[in-house]
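Have a look at the structure below before the remarks.
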Amino acid sequence: MNYQQQAQQWQALFRQKQQGSFLSRVLLWLVAGIMLVFAMGVLLFVLMLSWLLIPVFLYKRHQLRKQGKSFFEQAQQQGRSSDASGRVIEGEVLERKSDN
């Protein structure tokens, strides 16, 4: 089968699909429109949520600056307090394998 025959088959198949009823086309456009409106709503919700959270983060950063700590120091301190409750595991390297 050469390229021309395959293209003609695809065109015939496309013409058959085009002969669908008017109602099915309207339904397809309606569903596509509803999905588009829903997606825009989700996007708008996420955008508004991010705008509402900006002042909260700025206030938190301002409070940490008042305490004299940076935001990253505070996060590290919280991470350390939740890690292994202060236990230290000590060990000794007996042999090191080289990559060569």
Check which hydrophobic residues are tied to Val37 through side-chain heavy-atom contacts below 4.5 Å, counting indirect links as well, and list them.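 Listed partners: none, Val37 stands alone.
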With clusters built from Ile, Leu, Val, Met, Phe, Trp and Tyr whose side-chain heavy atoms come within less than 4.5 Å, directly or transitively, what are the remaining members of the cluster of Trp29, listed by chain and number?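 Cluster partners of Trp29: none, it stands alone.
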Check His62, Arg61, Gln63 against Tyr59 for a side chain to side chain donor-acceptor pair (under 3.5 Å) and give me the one that passes.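 Among His62, Arg61, Gln63, the one meeting side chain to side chain donor-acceptor pair (under 3.5 Å) with Tyr59 is Gln63.
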For the [atom1] atom of [X] and the [atom2] atom of [Y], what is their distance to the nearest 0.5 Å?
X     : Y     : atom1 : atom2 : answer
Leu23 : Leu28 : CG    : CG    : 11.5 Å
Leu44 : Leu49 : CG    : CG    : 11.0 Å
Gln8  : Asn2  : CD    : CG    : 8.5 Å

Between Phe57 and Leu47, is there shared hydrophobic-cluster membership here, with clusters defined by ILVMFWY side-chain heavy atoms closer than 4.5 Å?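 Looking at the clustering, Leu47 is in a separate group from Phe57.
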Cluster link Leu58 to Trp51, ILVMFWY, side chain under 4.5 Å: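 Result: yes, single cluster for both.
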For Leu43, give me all partners under side chain to side chain contact (heavy atoms under 4.5 Å, CB included), at least two apart in sequence or on another chain.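 Partners of Leu43 by the side chain to side chain contact (heavy atoms under 4.5 Å, CB included) criterion come out as none, since no residue qualifies.
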